[in-house]
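Note sheet for the following structure.
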There are 2 protein chains.
Amino acid sequence: MAIKYARRMDGLKGSEIRELLKLTENPEVISFAGGLPAPELFPVEEMEKISVLVLEEQGRQALQYSTTEGYNPLRAHIADRMNSKSKTNVTKDDILITNGSQQGLDFAGKVFLDEGDVVLCESPSYLGAINAFKAYGPKFIEVPTDSNGMIMEELEKTLQTTERVKMIYVIPDFQNPTGRTWPIERRKAFMEIINKYEIPVIEDNPYGELRFEGESLPSLKSMDKKGLVVFLGSFSKIFCPGYRLGWTCASEEILSKFIFVKQGADLQASTISQREVSKFMDLYDLDKHVENIKEVYRKRRDLMLKTIAEEFPEGLEYTHPEGGLFTWVQLPKHLDSKVIMQKCLENNVAYVPGGSFFPNGGKENCFRLNYSTMPEEKIVEGIKRLGSVLKSFMEEKAEA
Amino acid sequence: MAIKYARRMDGLKGSEIRELLKLTENPEVISFAGGLPAPELFPVEEMEKISVLVLEEQGRQALQYSTTEGYNPLRAHIADRMNSKSKTNVTKDDILITNGSQQGLDFAGKVFLDEGDVVLCESPSYLGAINAFKAYGPKFIEVPTDSNGMIMEELEKTLQTTERVKMIYVIPDFQNPTGRTWPIERRKAFMEIINKYEIPVIEDNPYGELRFEGESLPSLKSMDKKGLVVFLGSFSKIFCPGYRLGWTCASEEILSKFIFVKQGADLQASTISQREVSKFMDLYDLDKHVENIKEVYRKRRDLMLKTIAEEFPEGLEYTHPEGGLFTWVQLPKHLDSKVIMQKCLENNVAYVPGGSFFPNGGKENCFRLNYSTMPEEKIVEGIKRLGSVLKSFMEEKAEA
């Protein structure tokens with residue numbers, strides 16, 4: 001007997017990150033593979049008080065079904081916060097509450113993509129987005145990048161010569177996996193091109209608030225005059241991921257499609273979680289909480305970059321991220337980070353091999369390092385182990 | 001400017017129930033339209049204690065990311081409960097935690113359906129499932145039903161003569177919208193046919209535990225020898241819907257596809273909600289809680305049926321449901337329940353017109369009544385109002 005599945009199941013593989021996380025569950029492994037926030041910063045005590053308050057004050061409503069769009073006070077908090085942090089000018093009616101921003105990625109695929117349509121993205125790009133879109137059967141065209149993000153001349157060339165481009169997926173702030181940020185000039189040039197070609201843009205922004213240095217930059221959404229930009233936000237990195245709450249902010253026309261899709265997908269986000277997070281924002285200072293997170297992550301980033309400079313073999317390039325959770329390491333062309341990963345696991349250290357961040361594959365000489373999860377002494381020890389493995393591979397080649 | 005969406009967005013309409021619920025938000029309306037559980041039965045105080053316990057004992061883990069499959073102790077609770085209530089023989093490894101069973105419906109569409117594939121379902125069927133599947137572009141074939149559910153001769157005839165049948169969607173217990181239950185003989189006959197044709201079955205079972213009378217019947221999943229049945233369960237009706245927790249139980253092969261799809265869709269269900277519901281099942285007696293729900297719903301069903309018998313015009317047929325949340329009313333062929341609904345809203349009473357439960361449309365002389373949400377005095381008053389509207393329509397026709 002052979003059950004017949006949809007064609008989209010032929011190509012679907014589990015996320016490489018998830019499979020790797022399983023291998024790295026061994027507590028002896030120092031893992032720079034995940035993208036987990038530091039759990040010691042979670043507002044556990046505050047949420048104890050909040051849970052009791054919400055159930056005491058509004059228990060029956062909090063445990064009941066509610067509207068697909070989301071809990072209005074939370075939508076209003078998010079709109080206010082976006083206007084302050086991302087320089088937008090939006091209201092609660094522009095916001096749909098989703099299960100993390102990952103659900104917004106899935107919905108973007110569902111709303112925009114037919115089989116064979118084209119998605120443009122940065123090369124490399126976030127593999128969770130690539131996997132979400134793949135379910136809808138698109139072709140990916142990777143637009144080349146430099147240390148300032150997507151290269152605009154390449155984007156325009158691609159748009160001029162490509163049919164069926166249905167959306168452009170970008171992460172302009174502290175990109176996953178590279179940690180790179182687009183400067184203001186590039187954002188402006190991007191929006192000019194977008195307005196000319198009128199292609200919807202998915203601006204994925206889970207890390208934007210986690211800036212350790214430099215000036216914070218306006219979101220693409222804030223420069224969007226034609227209602228083309230769909231902004232995806234998340235509480236996972238600025239608060240905690242366990243509630244699975246994120247949001248989509250888009251024009252009325254596009255948002256109405258996302259709301260339809262949400263109805264069919266799971267009716268609504270958790271009523272009680274929405275009320276709890278909203279109540280936290282009523283009673284506590286989320287900005288102060290984010291400041292604490294930034295302070296810890298900045299120290300960890302600094303320590304990781306310093307230890308990399310000391311311990312890695314010479315001649316490797318890596319990002320100096322101005323914020324976010326990741327740095328990205330480029331190896332010489334002849335090295336394969338998947339092969340090196342095997343040796344790393346023998347030495348109890350782990351990263352994510354870079355290949356899976358390229359939707360069309362073919363680039364294996366790179367990897368992603370996360371610095372938000374591990375405490376400082378483990379960062380030092382892990383980077384030392386990794387440096388030693390990398391040296392062995394680079395010397396081996398030199399000898400061969 | 002016209003943004004190009006995926007073709008699937010052409011046909012998608014918002015759920016008629018959701019739109020109606022908006023009209024019936026006016027507190028003067030006695031609404032039998034929703035499918036809401038009675039909020040006065042929610043375990044508000046217990047969940048206050050549970051939330052504090054979970055955050056105190058396991059706060060950091062509860063607020064962090066976790067595995068896509070779900071929290072193992074909750075998966076184990078669910079497997080135990082299914083084995084006891086639905087006569088299955090499953091383990092935690094057969095369970096995926098989803099955002100309500102609605103998400104399992106969306107995933108079923110994503111896993112099994114290419115555009116143009118055929119879904120068989122009962123006629124009528126649950127409109128939330130119809131809307132979820134529609135996103136994947138299938139054709140629906142409605143298999144005729146009688147008061148004992150799907151008619152097996154009709155099913156076999158359809159299977160003999162139809163190509164590309166990719167899945168069969170059924171609700172054998174207290175069906176939404178009709179309230180009908182398949183007797184044991186029909187379940188056995190169904191499984192014989194399924195095993196012969198080897199077509200995957202989605203057994204949607206959100207109400208199965210809410211039986212007020214008669215003997216509880218084995219689930220289709222319990223008779224599944226070939227791994228063809230995908231069982232969808234939910235905490236929404238036996239506990240509360242606000243946490244958005246449900247589950248999918250399927251063979252290892254099928255479940256692995258659902259897990260892949262969950263990764264791309266939203267990574268995982270809420271970590272903290274899973275731990276809270278699991279802790280409730282550790283410390284409290286969910287069976288006792290379900291008994292309380294059943295007692296209240298049985299009384300409301302009895303009262304609704306008694307009042308219908310007294311207040312409705314003669315000659316209407318309606319279900320005597322042995323459990324669940326709904327009864328279903330058949331009008332004479334010439335009447336349109338959407339037209340009558342306008343008059344009902346003027347008289348501050350509401351139901352769901354039956355047409356939207358038929359994926360291929362064309363049947364308007366029926367409607368669904370919910371008896372779980374409204375307190376008893378409102379059931380009596382609402383059915384009186386409804387009876388009076390129905391009488392006016394039946395008399396009008398008689399006069400015309």
Side-chain angles (χ1 to χ4, degrees), chain A residues 1 3-9 12 14-15 18 36 39-40 42 44 47-48 51-52 55-56 59-60 62-65 68 99-100 102-103 106 110-114 131-132 134-136 166 198 200 226 240-244 253-254 257 260-261 263-273, chain B residues 1 3-9 12 14-15 18 36 39-40 42 44 47-48 51-52 55-56 59-65 68 99-100 102-103 106 110-114 131-132 135-136 166 198 200 226 240-244 253-254 257 260-261 263-273:
Chain A
M1 183 186 67
I3 293 173
K4 289 198 191 95
Y5 299 97
R7 278 195 309 277
R8 68 176 62 83
M9 302 310 295
L12 272 195
S15 146
R18 291 256 150 190
L36 303 186
E40 62 272 27
F42 293 157
V44 174
M47 292 316 294
E48 271 187 53
S51 341
V52 171
L55 283 164
E56 267 178 6
R60 289 182 184 182
L63 300 181
Q64 185 60 288
Y65 286 112
T68 299
N99 304 330
Q102 182 69 29
Q103 191 173 47
D106 178 50
K110 210 168 187 175
V111 165
F112 291 113
L113 299 178
D114 289 313
N131 283 337
K134 269 190 183 164
Y136 303 96
K166 293 288 279 292
E198 296 185 339
K226 290 189 167 185
C240 54
Y243 292 101
R244 309 301 305 119
E253 179 185 307
I254 294 180
K257 314 277 180 191
F260 284 158
V261 164
Q263 283 185 2
D266 60 7
L267 303 181
Q268 54 154 117
S270 161
T271 320
I272 182 163
S273 298
Chain B
M1 184 185 67
I3 292 173
K4 290 198 190 94
Y5 299 97
R7 278 194 308 278
R8 68 176 63 83
M9 301 310 296
L12 273 195
S15 147
R18 292 256 151 192
L36 304 185
E40 62 272 28
F42 293 157
V44 175
M47 291 316 294
E48 270 186 53
S51 342
V52 171
L55 283 165
E56 268 178 6
R60 289 183 183 181
Q61 299 99 299
L63 299 182
Q64 186 58 287
Y65 285 112
T68 301
N99 304 331
Q102 182 70 28
Q103 191 174 46
D106 177 50
K110 209 167 188 177
V111 164
F112 291 113
L113 299 178
D114 290 313
N131 282 338
Y136 303 97
K166 292 289 278 293
E198 297 185 337
K226 290 189 166 185
C240 54
Y243 293 100
R244 308 302 305 120
E253 179 185 308
I254 294 179
K257 314 275 180 193
F260 284 158
V261 164
Q263 283 185 3
D266 59 7
L267 302 180
Q268 54 155 116
S270 160
T271 319
I272 183 162
S273 299

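Convention: sequence-line order gives letters A, B, ...; per-chain numbering from 1.
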*asked:* Between B:T68 (side chain only) and B:L267 (backbone N and O only), is there a donor and an acceptor less than 3.5 Å apart?
replied: yes

*Selection from B:A132, B:G100, B:P241 maximising heavy-atom pairs under 4.5 Å formed with chain A*: B:P241

_CZ on A:R244 to OG on A:S273, rounded to 0.5 Å_ = 10.5 Å

*Largest heavy-atom contact set with chain B, pairs under 4.5 Å, which of A:V44, A:V111, A:D266, A:L63*: A:L63

*Roughly how far apart are B:K110 NZ and A:R8 CZ, rounded to 0.5 Å?*
7.5 Å

*Taking ring pair (Phe, Tyr, Trp, His ring centres under 6.0 Å) as the test, write out the residues that go with A:F112, two or more places apart.*
B:Y5

_Leading residue by heavy atom contact count with chain A [cutoff under 4.5 Å; candidates B:K226, B:M47, B:E40]_ = B:E40

*Please state whether the side chain, the backbone, both or neither of B:E253 comes within less than 4.5 Å of a heavy atom of chain A.*
both

*asked:* Given 3.5 Å as the limit, does a donor-acceptor pair link the side chain of B:E48 with the main chain of A:S51, or not?
replied: no

*Mind ranking B:A62, B:G59, B:C240 by heavy-atom pairs under 4.5 Å with chain A and telling me who comes out on top?*
B:C240

_Residue part contacting chain A, namely of B:L113, when any heavy atom lies under 4.5 Å_ = backbone

*Any donor-acceptor N/O pair, A:T271 side chain to B:Y243 backbone, under 3.5 Å*: no

*Where on A:A265 is there a heavy atom nearer than 4.5 Å to chain B: the side chain, the backbone, both, or neither?*
both

_Winner by heavy-atom pair count (cut-off under 4.5 Å) against chain B, out of A:P200, A:P39, A:G242_ = A:G242

*Most heavy-atom pairs under 4.5 angstrom with chain A, which of B:Q103, B:Q64, B:E198, B:K166?*
B:Q64

*Does any non-hydrogen side-chain atom of B:L55 lie less than 4.5 Å from one of B:I272?*
yes

